[in-house]
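Hydrogens, waters and symmetry mates are skipped; everything else that's a heavy atom, side chains included, is used.
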Amino acid sequence: MLHSLHQQKLLQNLRFRQSSTVASIVVLLYEYIITFRKELRYIWRRPFKLNKAIYLFARYFGIIVQSINTYLALGPHAGLSIDERACKRWQLFQASSAYVLSGTLHFILMLMVYALHLKDWKIGIFLAFLYLPKSRCRFLSHLKLY
């Protein structure tokens, strides 16, 4: 009886994970579709600069990562019997992707602050000192878990 309840709870958690993964990709693709026209006008038709590259990386990296996550959640990792090593690799992929995307978004915000301060070099150095150690520490602390 206890084993059956445990199996039921695991199946319920699995269905929730799959449903939330599908909902996430649907919302992400919906947002992409409704904003694509503005992206064409304001991003793709402008000269290529650093801020454009960072924006495009953040935009499409998130879509690619969530697409891979959806494939894994509905495909190879859809069952209850996932190899522990594969599970750890998947978790490392998810966490690393989240750190990269979060770091990219923080960098975009810092570029905006830098621009608001009329590209003052003192502000640029201050922001770099804030950004670089934080990003490195977050990533390295996560790698130590594996």
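Side-chain contact between L130 and F126 is present, with at least one heavy-atom pair separated by less than 4.5 Å. The closest side-chain heavy-atom distance from L109 to M112 is below 4.5 Å. Looking at T104 and F61, their side chains never come closer than 4.5 Å, going by heavy atoms from C-beta outward. Between I68 and Q94 there is no side-chain heavy-atom pair separated by less than 4.5 Å.
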Go through the steps for V100 and F57 under the test side-chain contact (heavy atoms from CB on, under 4.5 Å), then give the verdict. CA-CA 10 Å; V100 168; F57 174 79; 3.8 Å; yes

Go through the steps for Q18 and T21 under the test side-chain contact (heavy atoms from CB on, under 4.5 Å), then give the verdict. CA-CA 5 Å; Q18 290 172 332; T21 300; 5.7 Å; no

Please lay out, stage by stage, how K9 and Q12 fare under the test side-chain contact (heavy atoms from CB on, under 4.5 Å). CA-CA 5 Å; K9 185 67 174 168; Q12 183 181 14; 3.8 Å; yes

Trace of the side-chain contact (heavy atoms from CB on, under 4.5 Å) decision for R17 with L14: CA-CA 5 Å; R17 183 190 68 195; L14 179 65; 3.0 Å; yes

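Residues V27 and Y71 do not share a hydrophobic cluster, defined by chaining ILVMFWY side chains whose heavy atoms lie under 4.5 Å apart. A continuous path of hydrophobic side-chain contacts links L105 to I54 [ILVMFWY only; heavy atoms under 4.5 Å]. In this structure, L28 is not a member of the same hydrophobic cluster as V65, with clusters built from ILVMFWY side-chain heavy atoms closer than 4.5 Å.
Between I25 and T70 the shortest heavy-atom distance is CB-OG1, 3.7 Å. When all heavy atoms of Q66 and S24 are compared, the closest pair comes out as NE2-CB, 3.6 Å. Residue R59 comes nearest to F36 through the heavy atom pair NH2-N, 4.5 Å, listed as atom of the first residue, atom of the second, then distance. Across all non-hydrogen atoms, the minimal contact from L101 to A58 is CD1-O, 3.5 Å. Counting all heavy atoms, side chain and backbone alike, D120 lies closest to Y114 at O-CE1, 3.2 Å.
In this structure, the side chain of S96 does not engage the main chain of F93 through any donor-acceptor pair within 3.5 Å. Between the side chain of H77 and the backbone N or O of A73, no donor-acceptor pair lies under 3.5 Å.
In Y42, the OH atom is not crowded: 12 or fewer heavy atoms of neighbouring residues, nucleotides or ligands sit closer than 6.0 Å.
With ring centers used as reference points, Y60 lies under 6.0 Å from Y32.
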